[in-house]
Amino acid sequence: MKELPEKVSLETLQIDPRWAMQINPAIAMRRLALPICKLGNELIVAMAESSDTQAVSAIEAATGLHVRTVAADQAELRQALLRVYGDARGGAMDTATAMEASDDPVAIVDSFIRAAVIRQASDIHVEPSRTGLRIRFRVDGILEEFALLPQSIQAAICSRIKVLAGLDIAEKRAAQDGSFTWVPPASTNTRSKVHPYDVRVATLPVRYGERITMRLLETGNSRIHLNDLGLSEEHHNQLTGVLARPHGLVLLTGPTGSGKSTTLYASIHHLLETASLNILTVEDPIEYETEGISQVEVDSSDKVNFAKALRSLLRHDPDVVMIGEIRDAESLDAAVKAALTGHLVLSTLHTNDAASAVTRLRDMGLEPHLIAATLRLSVAQRLVRRLCPECAEKYALTQDEANCLGRPELAGVDAYKPCGCLACSGRGYIGRVGLFEFMLPTAALAEQIAADAPLGELIEGMKQGKQRFLIDDAIAKIQAGVTSVAEAMKAINNNTF
């Protein structure tokens, strides 16, 4: 663990709300003291006056941890406190208080949504169990414990979330879906820009009540760019080259949660920035509202399904069509017809690697010669956690690790592992980055596809064309200190070539 600095900039740190929300907001605001994270057995607290022993004692009593203080700028500290607790006059409460306030589900729900936003979580899981109501956040793909609330407030919490999402609070034996917009508490004392969040809610009856999952999507105007995905220079050039072509099919493949939709939107944003195009999308649901394109959401009543929407879209003279997912023969037929008639079609498919997209299309009934004629690029991707640049520790790759990577000759080369510091709240990782595998159908590969070659021959053709596999991209990112061996192997499931 790195030595702590005497003074920190709160704008560069990740605050762990699990600890910040265990103390009384009134004490934190009055004493200008903010718990940042737990490192080892110590709670690191940013304070304007580190000599305030009374505040230190109060925090130690509330958390049960030894406190170690670091100095912070008063103005930054005030802004961070307002971001964590909101305006104290608005009824912010610490988690311990919320657990006792069974008659105030509004404040409880608001407190854990705010905590999830601060922690930059993608999902909130509300899980009833025999012992209580467990609240967990998914952060960078990993589930983290946040709080365990008593069973006595379970019904009130579920009803509050259902009211927000416009669901039937009386229906407890059927799954429901809904959404609402959550706006972070603003204050006139802070100039930080506030973006609302689109919260997608799904309920499911389980053994001890109703399980609720809430997905958080920021609705700000920030755009995802290709440069933010972690593409190598070679992959970046290949993707932009394919996107510059006027027609064809581009497929993003991988399991659920591998970042396919993010790459799709980044590609759309690249097209918007480089040309004047008519871009239409069909999605279920619309994940990111984007200016400059027309987005169609599939209707659950089946009045607007993928195939119907695609047939209608082609009458609106699109240059580019983005389909959220090719899920059946009907949507595939519409996508291929669009690609054959002069449109660039972007979509996703569930396969394990880039070459398997060809076999998946065959299984769905598409003739091999049509695959060869339309497929311009198949991309397989995974997401791995990005090592914190402040504390990543260099070491020599062991022989066992090299063997697991399928590259025994790499034993002894530089690699990096997580350590943990203030910047990453002691986790060793900040954010995620993609691992990519591109199958770019060259003339030789296109001939193999048209000849209905088996998967093994397609993979061999990719090797002969010196195309990079997931493991190759993983090794490059391990050696560059972007991610760790453990993260890479977990993402690609020990899949070596």
Side-chain angles (χ1 to χ4, degrees), residues 198 217-229 231 235-253 259-300 302-349 357 361 366 370-371 373-379 381 438 440-441:
D198 185 13
L217 298 170
E218 189 173 2
T219 59
N221 293 323
S222 58
R223 285 189 169 184
I224 305 162
H225 296 276
L226 292 179
N227 293 333
D228 302 328
L229 303 179
L231 291 164
H235 282 160
H236 186 280
N237 291 339
Q238 288 174 342
L239 180 55
T240 53
V242 169
L243 293 175
R245 301 178 71 170
H247 55 80
L249 182 62
V250 178
L251 293 176
L252 280 297
T253 74
K260 302 185 296 294
S261 294
T262 300
T263 304
L264 276 183
Y265 278 101
S267 301
I268 292 294
H269 293 153
H270 172 79
L271 289 168
L272 286 171
E273 292 168 357
T274 54
S276 178
L277 298 170
N278 181 22
I279 302 176
L280 289 84
T281 75
V282 185
E283 304 170 66
D284 181 23
I286 294 171
E287 291 197 38
Y288 301 97
E289 293 184 12
T290 304
E291 289 292 330
I293 67 176
S294 298
Q295 297 171 274
V296 178
E297 185 163 280
V298 172
D299 193 335
S300 58
D302 206 37
K303 289 182 180 179
V304 180
N305 61 27
F306 275 99
K308 290 178 182 177
L310 279 170
R311 284 196 296 270
S312 180
L313 252 59
L314 295 181
R315 302 187 189 103
H316 292 269
D317 187 30
D319 299 299
V320 179
V321 175
M322 193 264 271
I323 306 169
E325 179 187 352
I326 293 178
R327 53 179 61 182
D328 53 36
E330 195 175 13
S331 59
L332 174 60
D333 181 65
V336 169
K337 285 179 179 176
L340 286 170
T341 54
H343 305 87
L344 182 63
V345 180
L346 313 178
S347 190
T348 69
L349 204 61
L361 293 176
L366 189 60
L370 289 177
I371 301 174
T374 55
L375 186 62
R376 298 290 174 263
L377 177 65
S378 175
V379 179
Q381 72 175 85
F438 277 33
L440 197 65

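These values consider heavy atoms only, across backbone and side chains, with no hydrogens, waters or symmetry-generated copies.
To the nearest 0.5 Å, atoms CZ (R245) and CG (L243) are separated by 11.0 Å. Taking OG1 of T263 as the reference point, atom CG of L226 lies at 8.5 Å (rounded to 0.5 Å). In this structure, the separation between OG1 on T281 and CD1 on I286 is 6.0 Å, given to the nearest 0.5 Å. From I323, atom CD1 reaches atom CG of L249 across 8.0 Å, with rounding to the nearest 0.5 Å. Between the CG atom in L346 and the NZ atom in K260 there is a gap of 14.5 Å [rounded to 0.5 Å]. Considering CG of L349 and CZ of R327, their distance stands at 12.0 Å, rounded to 0.5 Å.
Checked against side chain to side chain donor-acceptor pair (under 3.5 Å), H270 has no partners two or more places apart in sequence or in another chain.
Checking side-chain atoms of H343 against main-chain N and O of A338 turns up a donor-acceptor pair under 3.5 Å. A distance-only check finds a donor-acceptor pair linking the side chain of T290 to the backbone of Y288 [under 3.5 Å]. In this structure, T253 contributes its side chain and V379 its backbone to a donor-acceptor pair below 3.5 Å. A donor-acceptor pair under 3.5 Å links the side-chain atoms of D319 to the main chain of N278, judged by distance alone. Side-chain N or O atoms of H269 include none that pairs as donor or acceptor with a backbone N or O of H225 at under 3.5 Å. Side-chain atoms of Q381 come within 3.5 Å of backbone N or O of G259 as a donor-acceptor pair. Side-chain N or O atoms of S331 include one that pairs as donor or acceptor with a backbone N or O of D328 at under 3.5 Å.
For the pair R376 and P441, the tightest heavy-atom approach, listed with the atom from each and the gap, is O-CD, 3.2 Å. M322 approaches L264 most closely through the heavy-atom pair SD-CD1, 3.7 Å. The two atoms that bring A373 and L340 nearest to each other are CB-CD2, 4.5 Å, heavy atoms only. V321 approaches P318 most closely through the heavy-atom pair CG2-CG, 3.8 Å. Residues Y265 and E287 approach most closely at OH-N, 3.5 Å, considering heavy atoms. Taking all atoms of both residues into account, the shortest heavy-atom contact from S347 to G324 is OG-C, 4.3 Å.
In this structure, the side chains of L271 and L344 come closer than 4.5 Å at one or more pairs of heavy atoms. Side-chain contact check for V242 versus L440: some heavy-atom pair is nearer than 4.5 Å. Looking at L280 and V296, their side chains never come closer than 4.5 Å, going by heavy atoms from C-beta outward.
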Problem set entry | Check against side-chain contact (heavy atoms from CB on, under 4.5 Å), L251 and I326 | CA-CA 9 Å; L251 293 176; I326 293 178; 3.9 Å; yes

